[in-house]
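Read through the structure below, which is laid out as structure tokens, and then see the notes.
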Amino acid sequence: MEMKSKTLLILYATQTGNALDVAERIAREAERRACTVVIRSTDDYDANSLPAEDTVIFVVSTTGQGDTPDSMKVFWRFLLQRNIGSHWLEGIHYAVFGLGDSGYQKYNFVAKKLDKRLSDLGATAVVEKGLGDDQHPSGYEAALDPWLSSLWSRLNEIKPHFFPKGPDFLVSNEELIGLPKFQVTYHNVDDIDSRLSTATDFKYLQMQIGRARSMSSGKVPHEKCKPDAFLKMVKNFPLTRASHEKDVRHFEFEFVSQVIKYEIGDVLEVLPSQSPAAVDSFIQRCNLDPESLITVHPREMENRHIDNNVNTLDVPIKLRTFVELTMDVTSASPRRYFFEVMSFFATAEHEKERLQYFASPEGRDDLYQYNQKERRTVLEVLEDFPSVQMPFEWFVQLAPPLKNRAFSISSSPLAHPTQVHLTVDVVSWTTPFKRKRQGLCSTWLASLDPEQSIYIPVWFHKGLLPPPPPSLPLIVIGPGTGCAPFRGFVEERAVQSQSGTIAPTLLFFGCRNENNDFLYRDFWFSHSENDGVLSEAKGGGFYAAFSRDQPQKVYVQHKMQEQSERIWNLLCEGAAIYVAGSSTKMPSDVMVAFEEIISKESGAPRESAVRWLRSLEKAGKYHVEAWS
């Protein structure tokens, strides 16, 4: 009989790093119970080894519209093989915790389908799957805390060999904290640029960003560290009236390094710039030398996750540059573990007690009110706890990583071969304690003057809206900034129409007021006339819903109902549906509108309409790109 592993295996699949955070918290709690544990990313684990395991804890996030993270795609395809029998995982115990957002239609879809597949292959669940929800007032931890409590209780019952010192044994956090996962090495180098002296400005910038981000604790496997290109802003103008509560802007950029080929529907990721004054304040608060030359390496720790894919270059970088390019100290809120570690370094007793309370399950809701709800930054938290003096290595590990911000591209490369356009909502809000907050990237972009030569590092990615061939009829729904990718679609078809025939396009747009936030009004109207892409002469149409211009609110789904017959006729001609915009209610409301239209126009029952739309999804003709 094959011997089972006596080590608790934790497999995680992350897109942005949240699943890794949860996996590491589970590992810490296991180690406190004297349980031997190993953490692996699903792309760093041979799925063929699963039958040799004893118990596996899965932590998986759901991306986009129910998609598996990139790091899980190969692993998931392996599990779906038809030649794997229903007894393949017999005797294996497992637990699944998912991270998702209930604002999306396919909430925690990956965790749900993984749980079912493991069960179908013969594995036995230790506890019911846990589903963390970003929309919950306390975030995913609201579900994680009780789920972990159940997990340890049940494992103690059925797998006592994992806990050799008994069910009541618990190592104190002080004993377990040990060393941080990353080690910072300080260098004496006279000329940091000596190895790059022959590089061009762009080459130097690219290498500097690449080496800083390759050393970052927040680096995600398979993520490109070096930017694909650098852009320079050439236009920056508002699309909304100055008096309107929202500031939505149109940005145009030109390539200043190499030109990258992109397609309509693609996504542009921008690395935002942090406030230099705030970065300096953080460095001063931590008593660091901004001119120090450093390299950062993972510290090899037993039973800990080691990412073999991190390419830590041996060229030192200035500490200040590392902080401003990799550590978000000016906009993102730290996680609960940050407060737990801070408590070990607090010398004032009242600060230590408060930090310990925040890090406890009992203090979770109060921490949420203090931290996430107010969007307190690392710098602000440190200012509230002045007695804390934490080694820089802990900040490298625990400060939120500075993340690229993703935007749907709103231009067509056929119309603008050397440019990229974005449509950006400049984010700002007021916290419960009346503190003014602003989105880091959107506010920075809005502040840029096209006359300045600011080089913006960017990455190009495929989005969830594949470029349609000109012969494919389209029904597109894009309220608010959801219209951004469809501006590119219309531009593309306008160019294609000059040399060939294009299929009809129906476009539904929505906003609050016709006079305040009717984005790209003149653009839509110009393409709705004179045989334009959206003109009736081309079989198209443009329909706008203004939700606040009358006593009864009117949304895009109401305008769709008014054009029920036209929508049905295009669907019968093989049209594809594209939806983009807010993830809250809009995508599901639009789906319901399509169900009602299909049922009404075809005379078929609602259930048939639902099946019809599902078949469209499976055929790759119903696409949704939504964001919170």
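Counting from 1, the numbers follow the sequence of the chain as shown.
Ring geometry for W524 against F509 counts as tilted: the plane angle lies between 30° and 60°, on a 0 to 90° scale.
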Inset, instruction - Begin from the C-alpha positions of F518 and F546 and carry the test ring-ring contact (aromatic ring centres under 6.0 Å, His included) through to its verdict. - result: CA-CA 8 Å; F518 192 172; F546 307 110; 5.2 Å; yes
Inset, instruction - Take T431 and E374, measure what side chain to side chain donor-acceptor pair (under 3.5 Å) needs, and give me the verdict at the end. - result: CA-CA 5 Å; T431 72; E374 287 297 305; 2.6 Å; yes
Inset, instruction - Step by step, work out the salt bridge (charged side-chain N to carboxylate O under 4.0 Å, His left out) result for R25 and E29. - result: CA-CA 6 Å; R25 180 179 163 193; E29 293 209 8; 3.3 Å; yes
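With sequence neighbours excluded, no residue forms a side chain to side chain donor-acceptor pair (under 3.5 Å) with Q452.
Between P450 and K232, every side-chain heavy-atom pair lies at or beyond the 4.5 Å cut-off. With contacts defined as side-chain heavy-atom distances shorter than 4.5 Å, the pair S428/K436 does not qualify. Looking at P587 and E625, their side chains never come closer than 4.5 Å, going by heavy atoms from C-beta outward. When side chains are defined from C-beta on, H416 counts as touching H421, because their heavy atoms get closer than 4.5 Å.
Ring pair F58/Y12: centre-to-centre distance not below 6.0 Å.
Of all heavy-atom pairs between S387 and A348, the closest is OG-N, 3.1 Å. Here the closest non-hydrogen pair linking R376 and P334 is O-CD, 3.6 Å.
Few gaps surround CZ on R548; more than 12 heavy atoms of other groups in view lie less than 6.0 Å from it. Other residues, nucleotides and ligands contribute over 12 non-hydrogen atoms within 6.0 Å of the NZ atom of K352.
Sorted by first and then second residue, the ring pair (Phe, Tyr, Trp, His ring centres under 6.0 Å) pairs involving residues 348-384 (not counting sequence neighbours) are F339-F358, F358-Y370.
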